[in-house]
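Input: a single structure, listed below in structure tokens.
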Amino acid sequence: MIEQHYRPEIVEADVQHYWDAGECFRVTEDPSREKYYCLSMFPYPSGRLHMGHVRNYTIGDVISRYQRMRGKNVLQPMGWDAFGLPAENAAIQSQVPPARWTYDNIAHMKVQLRRLGFAYDWGREVTTCRPEYYRWEQWFFTRLLKKGLAYKKMATVNWDPVDQTVLANEQVIDGRGWRSGAPVERRDIPQWFIRITAYADELLAELDNLSGWPEAVRTMQRNWIGRSAGVEFDFGVEGDNAPLRVYTTRPDTVMGVTYMAVAAEHPLAAKYAEGDPPLAAFIDECRRTDVTEAALEKMEKKGHRLPVHALHPVTGEQLPLFVANFVLMAYGTGAVMAVPGHDQRDWEFARAHGIEIRQVVRPVDGDADLEAGAYIAKEATVSCNSGQFDGLDFQACFDATAEYLTQHANGERTTRYRLRDWGVGRQRYWGCPIPVINCDQCGALPVPDEQLPVLLPENVEFQGVGSPLANMPEFYATACPQCGGAARRETDTFDTFVESSWYFARYACADHDGGMVDRRADYWLPVDQYVGGIEHAVLHLLYARFFQKLMRDEGLVDVDEPFTNLLTQGMVLNEIFYRKTEEGRITYFNPADVDVQTDQRGARAGAALRTDGQPVISAGIGTMSKSKNNGVDPQALIDRFGADTVRLFVMFAAPPEHTLEWNDDAVLGANRFLRRLWALVHSHQAAIARLNAGRCGNGGFDWAGSHPDPQVRALRAAAHAALERINRDYQRYQFNTVVAACMELLNAIDRFDVPQAAGDGDEARVAVVLEALAILVAVLAPIVPHVAHVLWRALGQVDDVIDARWPEVDAGALERDTVEMVVQVNGKLRGHIEIESGADEERIRAAALSEEKVRRHVGDSSIRRVIVVPGKLVNLVVG
RNA sequence: GCCGGGAUGGCGGAAUUGGUAGACGCGCCGGACUCAAAAUCCGGUUCUGGCAACAGAGUGAGAGUUCGAGUCUCUCUCCCGGCACCA
């Protein structure tokens with residue numbers, strides 16, 4: 001028997017204790033059962049759970065619990081992506097060692113996750129900053145080194161000249177270092193890379209097979225890999241210069257080249273900068289921008305003329321040669337041929353520098369207006385003004401020019417990728433040490449297996465200038481494993497994306513201390529459902545796919561792709577409020593501290609800060625962030641309403657892939673629903689107990705045949721119709737409409753009259769309520785597991801709801817004698833008819849025309865056509 | 001700049017395949033209960049006109065296909081996410 005009032009704090013503590021005591025979510029490999037591996041992206045332990053975490057993990061938990069009730073052997077693990085920059089920032093700001101800060105955060109966040117009632121197998125917890133985890137990452141990297149899949153080369157970084165340190169993109173604010181405020185420079189340093197480009201073709205091709213992934217994510221990855229076919233060839237350069245090698249995907253436009261451009265870092269630029277101070281200054285200026293692609297693309301396109309010409313490989317024409325800030329040394333060859341007639345960026349640069357724009361492609365019919373912009377089409381075009389290559393379509397011209405350049409300009413047809421090799425080295429302390437020893441005699445050598453792991457010292461003094469590791473001889477001083485001489489240990493650490501590229505495999509066998517993974521991974525992998533933020537659509541999800549293939553090729557795992565199905569959840573947003581001072585300084589106020597006024601209709605009339613009553617300005621909605629002060633602390637909500645209410649709200653407020661706008665009042669609505677549900681079960685529990693007595697506690701009632709009471713039939717039909725929709729919506733992960741259907745069902749049960757006193761009523765009326773309630777509680781169990789656990793028992797069930805069999809739709813309950821159809825006249829709704837289910841068109845037409853309102857709209861006009869959609873609609877076309 | 005996504009009442013959202021636009025919830029309005037408030041319960045709620053019956057308009061803007069378009073096609077606007085050292 002349950003109490004009269006819903007007390008989530010008591011219910012949730014009790015139920016969580018029950019799950020813990022019974023180890024309800026521990027799983028083992030069982031080949032006789034169908035497995036289901038449901039994985040949510042593990043959190044960075046930033047300190048407290050935020051709403052994005054709550055949403056992510058609730059979605060994953062609902063799917064896991066649903067699959068368990070469907071009879072699967074479900075693994076749902078959790079862990080910590082524990083290395084990263086914020087720990088170093090915290091260390092600098094509050095003098096706490098990154099390790100202690102991180103472990104404290106993990107402890108706190110773990111309590112929060114438990115409080116939300118997620119069905120995790122905590123026995124498989126993975127923490128990436130622990131040596132038992134990262135040692136295998138180090139071991140794996142040494143394999144890649146030996147295979148030549150890891151290598152060192154120069155790479156460009158953001159350099160803070162005052163702090164003498166490498167900056168993350170995030171630490172560059174308006175082109176300046178976040179701490180020093182000094183203008184950031186680009187600097188080239190030697191870095192470790194992993195050869196992801198060697199797997200580009202496979203990573204691209206297998207996207208076609210990932211039918212369980214959103215098309216948007218697959219498209220983004222395809223574009224990111226960016227496979228293109230083109231030609232690489234040489235332009236001559238005046239003077240005693242080496243030829244200038246370029247790559248182009250449009251050799252067909254080679255006759256339209258009117259200038260050339262090289263990157264600021266190109267050797268040709270460096271050569272002429274020596275005697276040319278303005279050029280040297282320009283190159284210097286190019287070094288002073290941050291290195292993100294977005295920044296490079298958005299900046300003003302500038303160029304500086306070099307004192308020599310390039311020579312056209314076909315005509316021998318002299319072409320002006322520029323150093324340009326939009327040409328990147330890292331892409332292609334660091335030099336581009338410019339065809340302003342048929343490339344928009346080249347066009348804009350040519351316009352700005354008064355360079356000729358030459359048309360060499362035109363539409364098959366008509367002409368292009370090169371005054372308005374470049375003509376970039378390839379379909380239905382023909383080459384023109386191209387001498388020997390005139391009059392060809394795109395493909396023919398491509399082939400002819402490619403052949404010519406191969407013969408006469410040292411050319412070669414090549415396939416290139418936009419994808420670059422993955423730079424995995426970071427000049428930071430709080431990361432996994434790269435297991436390499438640098439010896440002046442023998443070069444860079446992998447740390448021998450028996451010396452692994454290379455432990456990261458955790459008790460360090462942390463100032464924030466340079467990496468502490470580079471200042472610790474006790475860390476870096478070592479002996480060369482080959483010659484035995486003095487050598488220096490690598491002080492760079494791995495990009496944290498390396499840890500997150502294989503954690504999903506480690507969960508299968510987190511306790512294995514003899515290797516990276518064991519054969520248990522073959523049972524659990526691939527992940528059946530992966531859930532995480534859309535912001536990971538490219539990088540993390542591509543790196544993880546890449547690592548899966550690396551591990552496969554090392555013989556560690558069988559499968560090719562790590563994640564069969566992917567659900568990318570939308571961001572959590574909240575309103576942003578601010579005030580501007582007279583000096584123009586902006587102060588943001590948390591929405592929790594703002595009162596919103598409404599007019600008589602409920603429309604927004606204004607907003608004021610609660611503490612002083614003065615108005616604040618709304619800046620619309622945006623992702624919850626510290627800088628905009630619009631975060632909502634989940635903990636406060638859990639304390640006030642309980643985990644089930646928070647879970648229910650998050651699932652109800654929006655479909656998982658959409659953004660979710662926060663609304664405090666709607667949380668109240670979710671709580672109200674649970675209180676009503678509780679009260680409803682409470683009000684019927686005596687009658688249910690009487691019904692269950694003598695029926696082995698299962699409430700079994702024989703519904704064979706049509707029940708005579710139309711109200712009983714109606715409630716049964718409502719319950720089974722709701723279940724049908726709920727099943728469909730669970731399958732397509734539209735949890736918001738699952739909840740909506742549950743609310744409708746609750747309303748239907750609530751309206752149904754049940755005899756309360758013993759012996760004065762029809763047994764069937766109690767039975768139908770019990771059946772409807774059992775369906776309702778069972779289908780809600782994945783979403784609000786604590787309250788469902790208790791209510792399930794109150795309905796007389798003897799098993800735990802987490803292991804209850806999913807209810808089945810009784811088709812018999814849904815059968816109807818008549819259907820309602822809509823009548824349209826010329827596509828406009830004019831009436832409704834109730835008609836027997838199997839009525840033919842003649843009958844439907846007659847019924848439609850017998851409707852007064854329909855007749856009025858038809859009037860004297862003749863009926864030209866009648867369209868009937870069986871069981872739904874009839875449209876009379878008149879005129 | 002490039003790539004990807006989105007836009008439906010006062011708000012979040014719903015609408016199997018092109019077939020009743022606005023389910024469900026929030027808010028708001030009115031009522032019941034109460035000394036009062038909260039909570040709870042009942043009724044209403046797309047907009048415009050009308051006491052009403054009813055009529056007209058309506059899914060970011062503009063065009064098109066169709067008996068019929070939120071849904072399909074084209075053009076445009078605005079908002080959001082990613083862009084390789086935030087995770």
Side-chain angles (χ1 to χ4, degrees), chain A residues 41 43-44 46 81 83-86 155 157-158 166-172 191 214-217 219-220 222-224 226 291-299 301 326 330 344-345 419-420 422-423 425-428 495-497 500 533-540 542 570-571 573 596 598-605 620-623 649 652-655 657-670 672-673 675-676 679 725 728 732 734 736-737 739-744 747 820-824 826-829 832 853 864-867 869 872-877:
Chain A
M41 291 181 184
Y44 177 78
S46 54
D81 190 14
F83 279 132
L85 195 56
V157 295
N158 299 307
V166 174
L167 297 177
N169 286 334
E170 190 189 51
Q171 297 173 312
V172 179
Q191 297 261 39
E215 192 53 49
V217 175
T219 304
M220 278 191 262
R222 269 189 207 104
N223 292 336
W224 188 261
V291 299
T292 66
E293 188 183 326
L296 290 169
E297 289 282 347
K298 265 186 276 196
M299 72 193 174
K301 307 295 184 290
F326 59 86
Q344 187 60 22
R345 190 162 62 184
L419 180 70
R420 312 198 295 259
W422 177 13
R426 298 289 182 270
Q427 295 67 50
R428 309 207 180 284
D495 176 5
T496 57
F497 274 125
S500 56
I534 181 69
E535 66 274 17
H536 293 291
V538 179
L539 292 180
H540 161 62
L542 189 65
M571 313 279 255
L573 312 178
V596 169
T598 57
D599 65 16
Q600 292 212 318
R601 256 195 191 142
R604 170 72 62 86
I621 51 162
T623 56
F649 167 73
F652 180 54
E657 299 191 283
H658 284 208
T659 54
L660 185 156
E661 271 180 51
W662 193 258
N663 179 348
D664 277 328
D665 290 323
V667 178
L668 228 66
R672 186 175 302 139
F673 171 77
R675 289 201 312 264
R676 283 184 63 202
R725 280 159 54 208
R728 192 192 73 210
R732 55 179 188 153
Q734 202 171 84
N736 56 327
T737 49
V739 176
C742 288
M743 288 171 167
E744 285 183 73
N747 291 339
E820 187 182 76
M821 286 181 74
V822 166
V823 184
Q824 294 181 338
N826 284 342
K828 277 192 184 291
L829 176 67
H832 296 84
K853 218 176 126 184
R864 293 204 305 212
R865 220 174 136 185
V866 179
I867 288 141
V869 182
K872 276 212 166 138
L873 166 148
V874 47
N875 187 15
L876 307 173
V877 184

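Excluded from the calculations below are hydrogen atoms, water molecules and symmetry mates; all remaining heavy atoms, backbone and side chain alike, are included. Lettering of chains follows the sequences in order, A, B, ..., and the numbering in each one begins at 1.
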Please write out the pairs of protein N or O atoms and N or O atoms of nucleotides 62-72 of chain B separated by less than 3.5 Å, giving the distance to one decimal.
from   : atom 1 : to     : atom 2 : distance (Å)
B/rC67 : OP1    : A/R865 : NH1    : 3.3
B/rC67 : O2     : A/N875 : ND2    : 2.5

key: By side-chain contact (heavy atoms from CB on, under 4.5 Å) - contacts of A/A295 (at least two apart)   = A/D290, A/T292
A/G827 backbone acceptor or donor facing A/N875 side chain under 3.5 Å = yes
ask   = Can you find a heavy atom in the side chain of A/W662 that is under 4.5 Å from one in the side chain of A/V667?
value = yes
task = Nearest whole angstrom, please: distance from the C1' of B/rG19 to the CG of A/L876.
result = 14 Å
request  = Round to a whole Å and report the spacing from CD1 of A/I621 to P of B/rC80.
outcome  = 9 Å
inquiry  = Whole angstroms only, please: what is the CD-P distance between A/Q344 and B/rC3?
reply    = 12 Å
request  = Just call it for A/H832: base, sugar-phosphate, or nothing, with non-hydrogen atoms closer than 4.0 Å on any strand.
outcome  = base
task = Take A/F673 and A/F649, measure what side-chain contact (heavy atoms from CB on, under 4.5 Å) needs, and give me the verdict at the end.
result = CA-CA 10 Å; A/F673 171 77; A/F649 167 73; over 6 Å; no
ask   = Quick one: A/L668 CG to B/rG27 P, roughly how many Å, whole number?
value = 7 Å
ask   = If we take the P atom in both B/rC85 and B/rC76, what is their distance in whole Å?
value = 34 Å
note = A/N223 CG to B/rC2 C1', in whole Å, measures 9 Å
ask   = Measuring from A/N663:CG to A/L668:CG, what's the distance to the nearest 0.5 Å?
value = 9.5 Å
inquiry  = Using the P atom as the point on both nucleotides, what is the distance between B/rU66 and B/rU17, in whole Å?
reply    = 23 Å
message = Between B/rG5 and B/rG10, how many Å separate the two C1' atoms, rounded to a whole number?
response = 26 Å
task = Please tell me if the side chains of A/N158 and A/Q171 come closer than 4.5 Å, counting only heavy atoms from C-beta onward.
result = no
key: Residues which pass side chain to side chain donor-acceptor pair (under 3.5 Å) with A/R426, listed by chain and number, not counting sequence neighbours   = A/D495
remark   = 5' to 3', nucleotides 81-87 of chain B under a 4.0 Å protein heavy-atom cut-off (B base, S sugar-phosphate only, - none) gives SSBBBSB
query = How long is the gap from CZ on A/F652 to SG on A/C742, to the nearest 0.5 Å?
reply = 10.5 Å
ask   = Which distance, rounded to the nearest 0.5 Å, do you find between the CD of A/Q734 and the NE2 of A/H658?
value = 8.0 Å
Output a table of nitrogen or oxygen pairs between the protein and nucleotides 55-60 of chain B separated by less than 3.5 Å.
from   : atom 1 : to     : atom 2 : distance (Å)
B/rA55 : OP1    : A/H857 : NE2    : 3.2
B/rG56 : OP2    : A/R830 : NH1    : 3.2
B/rA57 : OP2    : A/K828 : NZ     : 3.2

Along RNA chain B (nearest heavy atom to each residue), the more 5'-positioned of A/R676 and A/V869 = A/V869
key: Candidates A/V874, A/V877, A/L876 - the one meeting side-chain contact (heavy atoms from CB on, under 4.5 Å) with A/I867   = A/V877
ask   = Can you tell me how far P in B/rU75 sits from the matching atom in B/rC2, rounded to whole Å?
value = 15 Å
remark   = Between the NE2 atom in A/H540 and the CD atom in A/E535, the distance rounded to the nearest 0.5 Å is 10.5 Å
request  = Nearest 0.5 Å please: distance from the NE2 atom of A/H832 over to the CE atom of A/M821.
outcome  = 11.5 Å
query = Taking only residues two or more places apart in sequence, or in another chain, which ones meet A/E293 in a salt bridge (Lys or Arg N to Asp or Glu O under 4.0 Å)?
reply = A/R418
inquiry  = What's the gap between B/rG22 and B/rU73 when it is taken at their C1' atoms, as a whole Å value?
reply    = 26 Å
key: Distance between P atoms of B/rG6 and B/rU16 (Å, rounded)   = 16 Å
Rounded distance in Å between the P positions of B/rA14 and B/rC24 = 14 Å
message = Between B/rG9 and B/rU71, how many Å separate the two P atoms, rounded to a whole number?
response = 14 Å
task = Would you please enumerate the stems RNA chain B participates in, each stem being three or more consecutive Watson-Crick or G-U wobble pairs with both distances under 3.5 Å?
result = B:1-7 with B:77-83, B:10-12 with B:24-26, B:27-32 with B:40-45, B:46-49 with B:54-57, B:60-64 with B:72-76
Which atoms of nucleotides 49-52 of chain B (N or O only) lie under 3.5 Å from a protein N or O atom, and what are those distances?
none

Pair A/N747-A/R676, side-chain donor/acceptor within less than 3.5 Å = yes
query = Under 4.0 Å between a side-chain N or O of A/R222 and OP1 or OP2 of B/rC3?
reply = no
Qualifying residues under side-chain contact (heavy atoms from CB on, under 4.5 Å), relative to A/E170, sequence neighbours excluded = A/L85
Spacing of CG belonging to A/L542 relative to CH2 belonging to A/W422, to within rounding of 0.5 Å = 9.0 Å
message = Both A/A740 and A/D599 contact RNA chain B. Which one's nearest nucleotide lies toward the 5' end?
response = A/A740
Gap between atoms CZ and C1', on A/R675 and B/rA39 respectively (whole Å) = 7 Å
message = A side-chain contact here means heavy atoms from C-beta on lying under 4.5 Å apart; do A/R725 and A/T737 qualify?
response = no
message = For A/I534, give me all partners under side-chain contact (heavy atoms from CB on, under 4.5 Å), at least two apart in sequence or on another chain.
response = A/V217, A/M220, A/A537, A/T568
remark   = Assigned chi class of B/rG9 under the 90° convention is syn
key: N/O (side chain, A/R345) to phosphate O (OP1/OP2, B/rG1) under 4.0 Å   = no
query = For A/T219, what residues pass the side-chain contact (heavy atoms from CB on, under 4.5 Å) criterion, not counting sequence neighbours?
reply = A/E215, A/R222, A/N223
request  = Decide yes or no for A/F326 and A/L296: does some side-chain heavy atom of the first lie under 4.5 Å from some side-chain heavy atom of the second?
outcome  = no
task = Assign a letter to each nucleotide of nucleotides 6-15 of chain B from its 5' end: B, base within under 4.0 Å of a protein heavy atom; S, sugar-phosphate only; -, no contact.
result = ----S-BSSS
